[in-house]
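Encoded as structure tokens, the structure appears first; notes follow it.
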Amino acid sequence: MTATGMYRRRSSTLRTRGLIAAATGGVALVLPLIGAGFASAAPAQAATTEKAAVSAAVTGGVSLQKAAIVTHSVISGDTLSKIAQSYSVEGGWQKLYEGNREIIGSNPSLIRPGMKLAVGAESEAATGASGASSATVTAAPVSYADNLDGWIRESLAIMARHGIPGSYDGIHRNVMRESSGNPRAINNWDSNAVAGTPSKGLLQVIDPTFRAYHVPGTPFDSYDPVANITAACNYAADKYGSIDNVFGAY
């Protein structure tokens, strides 16, 4: 990557301009901006888990729309739109917000991890129902293995929520080239290191790049594997269209 890249004007979107360094150094590879598909495997798994919990709560032939209330525990990266889509809520996020306004507050965009939201056609908050005929379940959060496979899958789920393109294969290919899968990898010899900003982590991100492209919902730590992957993919999406389009030093 050339030194002039350090002074690019930042974009006003989540994909703000910044830098990322390759472990091997060298000039950035210019690649065509080819459209890439959004990762969907991990979100699909989450939706399947949640819907299975809903199905288990509905007994005696009573439909979810008429009786069951599902308690969804908000996790980092959730939005009302994503939650409503996962549970096929009639009326979309507006209906979900209407039923949980007292919990969420005046701004539907501000939901915090740990909030318990009632999901269903009729929530207690919206109808004042006693709940005598309602089933209440808590959807189990999706867990990921603490290894490269789990880090990539968790990153893909977060990327999907933020509209950042990329695939498992694209991420894995670049991780193996940049760090061989070592989340503590650091480059202490190239031009970035000499300038005081060594490349770090699975996808060898320098600190200015990590700060510029950090994705909300991940730790603000460039060595954190999930945070490193999502920040790097956010940068690659801004510069190349997708991490899938990166095949060398970027």
Side-chain angles (χ1 to χ4, degrees), residues 1-34 36 39 76 144 146-156 158-159 162-250:
M1 176 174 296
T2 59
T4 56
M6 295 182 66
Y7 305 101
R8 283 184 172 274
R9 180 173 60 84
R10 291 184 178 180
S11 168
S12 60
T13 64
L14 178 63
R15 298 171 189 153
T16 317
R17 292 287 179 186
L19 300 172
I20 193 165
T24 56
V27 179
L29 177 64
V30 179
L31 297 167
L33 301 183
I34 304 173
S76 296
Y144 299 92
D146 188 21
N147 56 28
L148 181 57
D149 177 74
W151 301 331
I152 293 176
R153 293 186 185 281
E154 184 173 356
S155 296
L156 287 169
I158 296 170
M159 289 163 57
H162 289 276
I164 302 171
S167 70
Y168 185 102
D169 289 343
I171 294 172
H172 189 273
R173 180 185 70 245
N174 283 283
V175 164
M176 296 311 293
R177 185 190 67 251
E178 296 291 339
S179 67
S180 298
N182 178 10
R184 304 298 298 179
I186 183 169
N187 183 321
N188 287 314
W189 57 266
D190 69 1
S191 59
N192 288 303
V194 172
T197 56
S199 307
K200 302 175 181 178
L202 289 174
L203 283 169
Q204 291 293 281
V205 185
I206 62 175
D207 286 341
T209 299
F210 181 79
R211 290 193 294 268
Y213 288 90
H214 173 257
V215 177
T218 64
F220 205 83
D221 176 3
S222 59
Y223 281 115
D224 180 86
V226 174
N228 189 281
I229 290 173
T230 52
C233 288
N234 193 25
Y235 165 82
D238 185 32
K239 190 170 182 65
Y240 301 106
S242 170
I243 191 69
D244 293 344
N245 299 331
V246 176
F247 292 90
Y250 64 122

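Among residues two or more places apart in sequence or in another chain, the side chain to side chain donor-acceptor pair (under 3.5 Å) test is passed with Asp221 by none. Scored by the ring pair (Phe, Tyr, Trp, His ring centres under 6.0 Å) test, Tyr223 finds no partners at all (sequence neighbours excluded). When the side-chain contact (heavy atoms from CB on, under 4.5 Å) test is applied to Asp169, the partners found at least two apart in sequence or on another chain are Ser167. Residues passing the side chain to side chain donor-acceptor pair (under 3.5 Å) test with Asn147: none are found, sequence neighbours excluded.
For the side-chain contact (heavy atoms from CB on, under 4.5 Å) criterion with Trp151, the lone passing option out of Ile171, Asp224, Ile229 is Ile229.
With Ser179 contributing its side chain and Leu202 its backbone, the two residues share a donor-acceptor pair below 3.5 Å. Distance alone, capped at 3.5 Å, is enough to place a donor-acceptor pair between the Asn174 side chain and the Gly170 backbone. Remark: the backbone N or O of Asp244 is paired with a side-chain donor or acceptor of Arg173 at under 3.5 angstrom. Counting only distance, with no hydrogens or angles, the side chain of His172 and the backbone of Leu148 share no donor-acceptor pair below 3.5 Å. In terms of modelled atom types and a separation under 3.5 Å, the side chain of Asn192 and the main chain of Ser199 share no donor-acceptor contact.
Here the shortest heavy-atom pairing between Ile164 and Ala237 reads CG2-CB, 4.3 Å. Between Glu178 and Gln204, the closest heavy-atom pair is O-CG, 3.5 Å. Annotation for Gly201 and Asn228: closest pair CA-ND2, 3.5 Å, computed over non-hydrogen atoms. In this structure, Gly166 and Ile243 approach most closely via the heavy-atom pair CA-CG2, 3.9 Å. The two atoms that bring Ala232 and Tyr250 nearest to each other are CB-OH, 4.1 Å, heavy atoms only.
How far CG of Asn245 is from CZ of Phe247: 7.0 Å, rounded to the nearest 0.5 Å. Here Met159 contributes atom CE and Thr230 contributes atom OG1; the two are 8.0 Å apart, rounded to the nearest 0.5 Å. The NE2 atom of His214 sits 10.0 Å away from the CG atom of Asn234 when rounded to the nearest 0.5 Å.
Residue pairs satisfying the salt bridge (Lys or Arg N to Asp or Glu O under 4.0 Å) criterion with at least one member in residues 191-202, sequence neighbours excluded, are listed as follows: Lys200-Asp207.
Between Phe210 and Tyr235, the ring center distance fails the sub-6.0 Å criterion.
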side-chain contact (heavy atoms from CB on, under 4.5 Å) between Val246 and Arg177, intermediate numbers included: CA-CA 11 Å; Val246 176; Arg177 185 190 67 251; 4.0 Å; yes

Residue pair Val205, Ser222: steps toward the side-chain contact (heavy atoms from CB on, under 4.5 Å) verdict: CA-CA 7 Å; Val205 185; Ser222 59; 5.6 Å; no

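Side-chain contact between Glu154 and Pro225 is absent, with no heavy atoms from C-beta onward closer than 4.5 Å. The shortest side-chain heavy-atom distance between Tyr168 and Asp149 falls under the 4.5 Å cut-off.
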